[in-house]
Structure formats: C-alpha cells, structure tokens
Amino acid sequence: MRRRKVVVRKEEPPRKTTTNSSLTITTVRYGECQRNHAASIGGYVVDGCREFMASGEEGTSGALACAACGCHRNFHRREVETEVVSECSSPNNSSSRA
C-alpha cells in the first residue's frame, strides 16, 4: 500500500460587505520523481519513483525526503489542484411584516 503526501492550504478572500462568501482550497500533491541521476556525465536517467512518500512526520526534516528514492521533495513533479467553494446565504425573509 502506498502512502500519499497531500498538503492542503486554505486561503480566505478579503472580507466584503456582501452576504456571499467563498473559500479557495488548494491541494498540492507530489507525483513521480524527475531527478536526473546521470546529469554529471551528460546523460539522462531517472530512477522510476512513481510518487513522493515522506520518510518522516510533518514538521521534521524527514518530511521533505522521499522514502522510496531518498531524494528531496522538490525533485518530484508538483500537481496543484484549486477548488473554489462558495457558500450562498439567502436574504432575510421579508414576507412577515408587522
């Protein structure tokens, strides 16, 4: 079974006076390794690591090293998915008047 490293960032838009609000959720996933192991001799060889798996817990230096190939997380292809979530609120009910 493979472990996946997923980083979720939440960004809130500036506050407005309207009743509609939205939230942008950005998910970052690291795919296959693109490190060229033969760059020093003028060739091109990748190790075939298919997905980044952190070798340590979040917040440690091991979180940036891949458990499968041993390279840094920056060598893995970065996939960013952005999702905008809107929350619409209905206007006040004005049908009941005194």
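Quantities reported herein were computed from a predicted structural model and do not represent experimental measurements.
Judged as a side chain to side chain contact (heavy atoms under 4.5 Å, CB included), and not counting sequence neighbours, the contacts of Ala39 are Asn36. Every side chain to side chain donor-acceptor pair (under 3.5 Å) that Glu79 has, sequence neighbours left out, goes to Arg29, Arg77. Partners of Gln34 by side chain to side chain donor-acceptor pair (under 3.5 Å), not counting sequence neighbours: none found. For Ala68, the side chain to side chain contact (heavy atoms under 4.5 Å, CB included) partners are Cys49, Met53, Cys66, not counting sequence neighbours.
The nearest pair of heavy atoms linking Cys71 to Cys69 is SG-SG, 3.0 Å. Phe52 and Ala65 get closest at one heavy-atom pair: CE1-C, 3.8 Å. Cys33 approaches Asp47 most closely through the heavy-atom pair CB-OD1, 3.8 Å. In terms of heavy atoms, His76 sits closest to Gly31 at ND1-O, 2.9 Å. Counting all heavy atoms, side chain and backbone alike, Tyr30 lies closest to Glu51 at O-CG, 3.8 Å.
Side-chain contact between Thr82 and Thr24 is present, with at least one heavy-atom pair separated by less than 4.5 Å.
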Practice prompt. Could you walk me through whether Val85 and Glu83 pass the side-chain contact (heavy atoms from CB on, under 4.5 Å) test, one step at a time?
Written response: CA-CA 6 Å; Val85 179; Glu83 179 182 352; 3.9 Å; yes
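A donor-acceptor pair is defined here as one N or O able to donate and one able to accept, closer than 3.5 Å; such a pair exists between the side chain of Ser55 and the backbone of Gly62.
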